Amino acid sequence: MSIINHASRALCLTFAGRWYRVGLAYDSPRFIPFRDKLKASMGIVIALPNGNVNLTMWDVTPSGCLSKVYAYEKTNVAGQFTYFSTRHNMVKDITVVDTNYTEYAVVLKHKVFNREYTQVALYGRSQTVRIDVIQRFKAFALSQGFSRESILTPPPAENCPPSRSG
């Protein structure tokens with residue numbers, strides 16, 4: 001996998017829309033108790049005219065279906081963004097490392113917080129993606145130093161976000 005070299009397409013309108021996080025590689029010790037509870041989450045990407053991106057994600061939690069909004073600021077590198085984490089009170093880096101815009105995207109998140117943490121996520125336009133895409137995601141995560149046990153492909157979340165009733 002290589003860094004996206006399509007500067008004019010970096011998270012532009014073709015990247016906007018609905019995405020599902022269908023894969024995650026994460027090795028934080030605090031995450032271990034939640035691994036078996038993880039569900040595929042849904043997000044909506046909105047590309048802004050200035051090149052920045054807003055992402056609204058819905059996640060199933062013990063408290064129910066919760067949404068969070070992330071404001072990603074573009075950098076000088078195509079496909080690379082930063083955002084301020086209010087939870088950790090720090091800036092984090094986000095890089096789209098591979099995408100075909102219509103089916104999948106592999107995203108790398110990096111932060112330094114007591115030690116270096118990295119996360120790799122696989123997003124799909126639907127809650128299922130082709131097996132070869134999952135294999136490439138897993139190979140990339142392994143190449144970043146993740147163990148096989150820290151690479152997850154969670155089941156779909158049901159009714160998160162809640163379906164609108166008529």
Side-chain angles (χ1 to χ4, degrees), residues 1-28 31-32 34-48 51-61 65-70 72 74-75 77-83 85 92-111 116-161 163:
M1 291 188 183
S2 60
I3 300 296
I4 295 175
N5 58 6
H6 305 289
S8 64
R9 292 178 57 177
L11 293 186
C12 64
L13 294 177
T14 57
F15 199 85
R18 182 178 304 198
W19 289 92
Y20 296 90
R21 188 182 61 207
V22 297
L24 181 67
Y26 193 39
D27 62 357
S28 169
F31 180 66
I32 293 171
F34 304 102
R35 290 172 46 85
D36 296 337
K37 296 169 182 63
L38 186 69
K39 302 288 185 197
S41 52
M42 190 190 90
I44 302 289
V45 173
I46 298 172
L48 303 176
N52 293 344
V53 173
N54 284 344
L55 170 65
T56 302
M57 288 294 297
W58 287 267
D59 285 302
V60 176
T61 71
C65 183
L66 299 179
S67 68
K68 292 182 185 174
V69 177
Y70 301 92
Y72 294 160
K74 70 176 182 173
T75 67
V77 178
Q80 189 171 16
F81 297 82
T82 61
Y83 79 100
S85 169
K92 298 180 183 180
D93 297 318
I94 302 289
T95 304
V96 180
V97 293
D98 187 26
T99 187
N100 69 358
Y101 297 92
T102 59
E103 183 183 10
Y104 73 92
V106 176
V107 176
L108 179 69
K109 184 192 313 186
H110 183 77
K111 63 183 175 182
E116 286 190 47
Y117 289 96
T118 302
Q119 228 181 66
V120 178
L122 172 62
Y123 291 89
R125 290 290 189 176
S126 69
Q127 291 191 38
T128 57
V129 295
R130 294 187 331 258
I131 191 71
D132 66 302
V133 172
I134 292 171
Q135 290 170 339
R136 288 200 330 251
F137 155 71
K138 288 180 176 181
F140 178 73
L142 289 168
S143 78
Q144 296 299 301
F146 288 97
S147 68
R148 292 190 188 283
E149 297 77 34
S150 65
I151 303 170
L152 309 173
T153 52
E158 293 185 25
N159 208 30
C160 183
S163 301

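Since this is a predicted model, take the numbers as computed values, not measurements.
- Annotation for Val120 and Leu108: closest pair CG2-CD1, 3.7 Å, computed over non-hydrogen atoms.
- The shortest non-hydrogen separation linking Ala157 to Val60 is CB-CG2, 3.6 Å.
- Residues Ser150 and Asp27 have side chains that never bring a donor and an acceptor to within less than 3.5 angstrom of each other.
- Side-chain atoms of Ser67 and Met57, non-hydrogen and from C-beta on, never get closer than 4.5 Å to each other.
- For the residue pair Asp98/Tyr104, the side-chain donor-acceptor check at 3.5 Å is satisfied.
- A donor-acceptor contact shorter than 3.5 Å links the side chain of Thr75 to the backbone of Gln80.
- Ser41 has its side chain out of reach of Trp58: every pair of non-hydrogen atoms, C-beta onward, lies at least 4.5 Å apart.
- For the residue pair Asn100 and Glu103, a side-chain donor N or O sits within less than 3.5 Å of a side-chain acceptor on the partner.
- At least one side-chain heavy atom of Leu24 sits under 4.5 Å from a side-chain heavy atom of Gln119.
- Counting heavy atoms from C-beta on, the side chains of Ile94 and Tyr83 come closer than 4.5 Å.
- Judged by distance alone, the side chain of Arg21 and the main-chain N or O of Met42 form no donor-acceptor pair under 3.5 Å.
- Of all the heavy atoms in Trp19 and Ala105, the pair that sits closest is CZ3-N, 3.8 Å.
- A heavy-atom distance below 4.5 Å is found between the side chains of Ile151 and Phe137.
- Using a 4.5 Å cut-off on side-chain heavy atoms (C-beta onward), Thr82 and Tyr72 make no contact.
- In this structure the side chain of Asp59 never reaches within 4.5 angstrom of the side chain of Leu66, judged on heavy atoms.
- Within the 4.5 Å cutoff, side-chain heavy atoms of Leu122 are placed close to those of Ile134.
- Remark: the backbone N or O of Tyr20 is not paired with any side-chain donor or acceptor of Arg125 at under 3.5 angstrom.
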